[in-house]
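Shown next, in structure tokens, is the structure this report addresses.
Hydrogens, waters and symmetry mates are skipped; everything else that's a heavy atom, side chains included, is used. Note that the structure is predicted; figures quoted are calculated from it, not measured.
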Amino acid sequence: MCIRDRDKKVSETYDMIHPNSNDNITVRSVFMIGPDKKIKLMITYPASTGRNFEELLRVLDSLQLTAKYSVATPADWKRGEDVVVAPAIKTEDIPAKFPKGYRVIKSYLRMTPHPDL
């Protein structure tokens, strides 16, 4: 959902406008809010920099996947790539939760194939 803020009430309330910017500069903030009504991501781009929609979609894929499974996504992860098994999961419990298998890189870093594909 996109929120328009023509009177700048939201952007001023949440300090989203750079103090030295022009009055007619567009606010370039992105918020992703989860079903639990908590902010999962905040990014504010400078006016001189375009937003990276591929990155926003990548983050959305990661947030949805990590909310559904006990995993994390590594840097530069893309949908379909292996994910990190949460450290809280005991190694002996991994086969039941992730039947596609896993590999141990370090005792605290275990990778498994993307669980949704």
Counting only pairs under 3.5 Å, give me each side-chain donor-acceptor contact of residues 92-109, with atom names and distances, residues two or more places apart or in other chains.
unit_1 : atom_1 : unit_2 : atom_2 : d
K100   : NZ     : H114   : O      : 2.7
K100   : NZ     : L117   : O      : 2.1
R103   : NH1    : D82    : OD2    : 2.7

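Taking the side chain as every heavy atom from C-beta outward, T73 and E81 never approach each other to under 4.5 Å. With contacts defined as side-chain heavy-atom distances shorter than 4.5 Å, the pair K68/D116 qualifies. For the pair L56 and V30, the minimum side-chain heavy-atom distance is below 4.5 Å.
In this structure, the separation between CE on M42 and CZ on F31 is 6.5 Å, given to the nearest 0.5 Å. Separation of atoms CZ (R51) and OG (S29) is listed at 8.5 Å; rounding is to 0.5 Å. Atoms NZ and CD, from K40 and Q64 in turn, are 12.0 Å apart once rounded to the nearest 0.5 Å. The NZ atom of K90 sits 11.5 Å away from atom CZ of R110, with the distance rounded to the nearest 0.5 Å. Summarising the geometry, atom CD1 belonging to I43 is positioned 8.5 Å from atom CG belonging to N52; distances are rounded to the nearest 0.5 Å.
When all heavy atoms of A72 and V83 are compared, the pair lying nearest together is O-CB, 3.5 Å. Nearest heavy-atom pair, I89 versus S70, reported as atom, atom and distance to 0.1 Å: CD1-CB, 3.2 Å.
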Next item on the list: Could you check E55 against R58 for salt bridge (Lys or Arg N to Asp or Glu O under 4.0 Å), going step by step and ending with a plain yes or no?
Entry: CA-CA 5 Å; E55 174 63 3; R58 184 191 79 82; 2.7 Å; yes
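At distances below 3.5 Å, not a single donor-acceptor pair connects side-chain atoms of T49 with backbone N or O atoms of Y45.
Residue M111 is not grouped with residue L65 when hydrophobic side chains (ILVMFWY) are merged at heavy-atom distances under 4.5 angstrom, including chains of intermediate members. One hydrophobic cluster, built from ILVMFWY side chains closer than 4.5 Å, cannot hold both L41 and L57; they sit in different ones. Hydrophobic clustering keeps L60 apart from W77 (ILVMFWY residues linked when any side-chain heavy atoms are closer than 4.5 Å, directly or through intermediates).
Other residues, nucleotides and ligands contribute at most 12 non-hydrogen atoms within 6.0 Å of the CG atom of D76.
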